[in-house]
Visitor: 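This structure is in structure tokens; I'll ask about it shortly.
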Amino acid sequence: DDSDSPFRSIGSNASSTTSSMLFSGIPSFATLCVRSVAVATITLYVLNQKHMLPMPMGKVVSKLLFWPTIPITISRRIGKWTTVVDNAVVLGGAPFGWCGYPEKLAKQHNVRGVV
């Protein structure tokens with residue numbers, strides 16, 4: 001008699017309920033691929049930033065990760081685009097010419113040329 005069994009089926013959806021319970025914890029193949037790529041990218045980024053990769057591999061990783069990591073670089077540098085070394089040298093960049101930053105450099109630091 002199955003009435004005392006904790007595994008007895010209830011209604012006609014018992015097989016679909018059981019299979020959905022079995023596979024509910026397993027991520028789809030696409031999710032697994034996206035997560036794997038994200039983990040690999042972050043790992044390579046961190047290793048490259050810490051200079052822990054061999055030089056030839058570091059060159060390849062730097063070229064591959066340049067454009068995807070631009071948002072990270074920009075977010076870290078917002079408001080800190082230049083560093084004044086002395087009254088003749090200003091290090092940094094003008095990341096967006098269209099937003100008037102070169103003109104600000106000319107006014108604030110008397111920048112007349114860029115190398």
Side-chain angles (χ1 to χ4, degrees):
D1 183 22
D2 287 336
S3 62
D4 295 329
S5 172
F7 301 107
R8 66 186 160 93
S9 63
I10 301 171
S12 62
N13 293 336
S15 63
S16 66
T17 304
T18 304
S19 64
S20 67
M21 286 174 37
L22 288 175
F23 296 112
S24 64
I26 300 174
S28 70
F29 182 71
T31 304
L32 189 62
C33 288
V34 169
R35 285 183 182 172
S36 298
V37 168
V39 167
T41 302
I42 291 168
T43 302
L44 285 173
Y45 177 78
V46 169
L47 290 174
N48 197 35
Q49 291 297 312
K50 300 278 186 185
H51 303 286
M52 296 175 73
L53 296 175
M55 185 67 76
M57 186 180 206
K59 287 180 180 181
V60 172
V61 169
S62 293
K63 289 178 183 179
L64 287 174
L65 295 180
F66 178 76
W67 288 109
T69 58
I70 281 291
I72 296 169
T73 305
I74 290 173
S75 67
R76 291 179 65 198
R77 296 289 299 186
I78 288 178
K80 301 176 280 184
W81 297 111
T82 58
T83 302
V84 178
V85 177
D86 60 21
N87 59 356
V89 178
V90 178
L91 296 176
F96 311 112
W98 48 265
C99 69
Y101 201 76
E103 290 79 15
K104 289 178 188 175
L105 285 174
K107 284 181 185 176
Q108 290 177 351
H109 303 292
N110 198 21
V111 172
R112 296 190 202 140
V114 178
V115 178

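All figures in this text were calculated on a predicted structure; none of them were measured in a lab. Only this structure's heavy atoms are used, side chains among them; waters, hydrogens and symmetry mates stay out.
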Visitor: For Leu47, which of Ile42, Leu53, Val61 qualifies under side chain to side chain contact (heavy atoms under 4.5 Å, CB included)?
Guide: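 Only one of Ile42, Leu53, Val61 forms a side chain to side chain contact (heavy atoms under 4.5 Å, CB included) with Leu47, namely Leu53.
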Visitor: Hydrophobic clusters here meaning ILVMFWY residues chained together by side-chain heavy-atom distances under 4.5 Å, can you tell me if Ile74 and Trp67 are in one?
Guide: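 Cluster IDs for Ile74 and Trp67 match.
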Visitor: Side-chain atoms of residues 108-115: list all donor-acceptor pairs with protein atoms under 3.5 Å, sequence neighbours left out, distances to 0.1 Å.
Guide:
none

Visitor: Under the side-chain hydrogen bond (donor to acceptor under 3.5 Å, both in side chains) definition, can you give me all pairs with a residue in residues 28-50, not counting sequence neighbours?
Guide: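 Output for this query lists Ser28-Thr31, Asn48-Ser62.
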Visitor: For Ala88 and Asp86, work out which heavy atoms get closest and say how close.
Guide: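 It is N-OD1, 2.9 Å.
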Visitor: So if you build clusters from Ile, Leu, Val, Met, Phe, Trp, Tyr with side-chain heavy-atom gaps below 4.5 Å, do Val46 and Val39 land together?
Guide: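 Val46 does not cluster with Val39.
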Visitor: Please tell me whether Ile72 and Leu44 are part of a single hydrophobic cluster in this structure, the criterion being side-chain heavy atoms less than 4.5 Å apart.
Guide: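 Same cluster.
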Visitor: Pro54: which residues meet the side-chain contact (heavy atoms from CB on, under 4.5 Å) condition with it, sequence neighbours left out?
Guide: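 Pro56, Met57.
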